[in-house]
There are 2 protein chains.
Amino acid sequence: MSQPVVDRGADLRDALGADIGWLLGQTLRSYMRMADGAAQDLPGGMRGYQVLTAAANGCVSTQLSLARELGLDRTVMTHLIDGLEAAGLIQRTPVPGDRRAKQVAVTDAGRAEWQRVRDLLGRAEDHLLDPLSPDDRGAFRTLLRRVAGQQKLDVGAMCQMASEVREDC
Amino acid sequence: MSQPVVDRGADLRDALGADIGWLLGQTLRSYMRMADGAAQDLPGGMRGYQVLTAAANGCVSTQLSLARELGLDRTVMTHLIDGLEAAGLIQRTPVPGDRRAKQVAVTDAGRAEWQRVRDLLGRAEDHLLDPLSPDDRGAFRTLLRRVAGQQKLDVGAMCQMASEVREDC
DNA sequence: TATTGTTATACTCTATAACTATA
DNA sequence: TATAGTTATAGAGTATAACAATA
């Protein structure tokens, strides 16, 4: 009780800067402002880009495993893939051996588009990390990857599942 | 053209781990899952908490400057403050000298509630940063603060404005 | 004429449930 | 009975416009 009222004179910048939720939110918002421009021509925007990333770089997979991979609902995945397929960027093909499931594969156009957007996003990232030195950028990326990595991807299970379908994994 | 098709054999984890937007999104989502529990009793949830943070730690301010500070629309701010005021956590008082504006001040109950939620969020943050060593946690916080800090707060302008109203700033 | 706060409206995103066709 | 995909619907979150009171 002999102390002054807690934080009465503290600066707002310090208070918000101590809130990691606020820092992450502001950082993501700042990045999204730039990224939305890069992905605006892509059906589904940034989420469409993530689907394209997973389809282009992971093992060939079904809609459901893709949804689980990206932490999306399967109803959302349906709409995203509708848009990407209508734009000719990915293709739905039946899974031999399970006629319920559909295999999702990137087309050549989809791969090219993915690379185009990826390069634009790279510039957005450069701009975001501008206040850091090259060394610090690497450190930040490494630390962020470790923090984000704790809710693990379970990519192994996905590849195993997909390998039942194709062997080029 | 003599190169193999780009990224054909790359792992999905690597592809997503190279996407800073995805990393930030996953990290924020992971944090929010824990934080929502901490702020669930607070009107407005996490955004309500941020309003409370700004009101408790910054200079006394109007709704509009608070909204600008937090990057919210002023219509959203109205609803958030409606909830917080109904819960007795903050108080709207007229600004002497400008009868259009309303001053937002934290009540004693609001300050106590802010501290309670802040402590819970601290635990969520500890859990989020669990995969890092103590040194790395500090480094991550510092780097993130610098990255987030680039869209600057303009706290100075806010304090100046508020000091026209009160002098305890 | 511009600003503060409020209200109403619409649009996006997300979550849920129901339905089909397969297994 | 359970699973993959689709569709429809409702909810939250956000953005926009219009309004009243005041500067």
Side-chain angles (χ1 to χ4, degrees), chain A residues 21 25-26 28-29 32-33 35-36 39-40 42-51 55 60-86 90-105 157-158 161-162 164-165, chain B residues 25 28-29 32-33 35-36 39-40 42-51 55 60-86 90-105 157-158 161-162 164-165:
Chain A
Q26 289 305 108
L28 186 58
R29 179 192 299 185
M32 282 306 226
R33 257 197 303 270
D36 281 341
Q40 69 184 353
L42 209 61
M46 280 302 291
R47 284 204 318 276
Y49 171 76
Q50 287 168 352
V51 171
V60 175
S61 183
T62 65
Q63 293 187 200
L64 189 62
S65 56
L66 228 54
R68 282 206 251 263
E69 198 55 46
L70 296 173
L72 299 174
D73 194 88
R74 53 190 226 262
T75 66
V76 175
M77 186 58 69
T78 295
H79 294 304
L80 287 175
I81 292 184
D82 281 349
L84 292 169
E85 190 178 39
I90 65 171
Q91 216 171 5
R92 279 191 253 230
T93 56
V95 170
D98 188 344
R99 293 200 295 175
R100 296 171 304 178
K102 292 174 187 173
Q103 201 167 284
V104 176
M158 171 189 161
M161 182 266 129
E164 298 170 5
V165 175
Chain B
L28 186 59
R29 178 192 299 185
M32 282 307 222
R33 255 197 304 270
D36 280 341
Q40 68 183 353
L42 208 61
M46 280 303 289
R47 284 203 319 275
Y49 171 75
Q50 287 167 351
V51 172
V60 174
S61 181
T62 66
Q63 292 187 199
L64 189 61
S65 56
L66 227 55
R68 281 206 251 264
E69 197 56 45
L70 296 174
L72 299 174
D73 195 87
R74 55 189 222 264
T75 66
V76 175
M77 187 57 70
T78 296
H79 294 305
L80 286 174
I81 292 184
D82 282 348
L84 291 169
E85 192 178 38
I90 65 171
Q91 215 169 7
R92 279 191 256 232
T93 56
V95 170
D98 188 345
R99 291 201 295 175
R100 295 172 304 178
K102 292 175 186 173
Q103 201 167 285
V104 176
M158 171 189 164
M161 181 268 132
E164 297 169 4
V165 174

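Within every chain, numbering begins at 1; the chains are lettered A, B, ... in the order of the sequence lines, protein sequences first and strands thereafter.
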*asked:* Whole angstroms only, please: what is the CG-C1' distance between B:Leu66 and C:dG5?
replied: 14 Å
*asked:* Ignoring hydrogens, what is the shortest heavy-atom contact between A:Gly48 and A:Leu84? Give both atom names and the distance.
replied: O-CD1, 3.8 Å
*Nearest 0.5 Å, what's the CG-CE distance between A:Leu80 and A:Met77?*
6.0 Å
*Starting at CG of B:Leu64 and ending at C1' of D:dA21, how long is that distance when rounded to a whole Å?*
15 Å
*asked:* I need the CG-C1' distance between A:Asp82 and D:dA8, as an integer number of Å.
replied: 14 Å
*If a protein heavy atom is under 4.0 Å from the base, mark B; if only from the sugar-phosphate, S; if neither, -; do that for nucleotides 13-23 of chain C going 5' to 3'.*
SS-BBB---BS
*How many Å lie between CE on A:Met32 and C1' on D:dT14, as a whole number?*
14 Å
*Do side-chain atoms of B:Glu85 reach the backbone of B:Arg92 as a donor and acceptor pair under 3.5 angstrom?*
yes
*Write down the distance between CD (B:Glu85) and C1' (C:dG5), rounded to a whole number of angstrom.*
13 Å
*Just to confirm, is there a sub-4.0 Å distance from OP1 or OP2 of D:dA4 to any side-chain nitrogen or oxygen of A:Gln103?*
no
_Length of the CD1-C1' vector between B:Ile90 and C:dG5, whole Å_ = 14 Å
_Can you tell me how far apart CG (B:Leu64) and CZ (B:Arg74) are? Round to the nearest 0.5 Å._
7.0 Å
*asked:* Tell me the interatomic distance from A:Arg29, atom CZ, to D:dT14, atom C1', rounded to whole angstroms.
replied: 11 Å
*Kindly indicate whether the side chain of B:Lys102, heavy atoms from C-beta on, has any atom under 4.5 Å from the side chain of B:Ile81.*
no
*Is any side-chain heavy atom of A:Leu72 closer than 4.5 Å to a side-chain heavy atom of A:Gln50?*
no
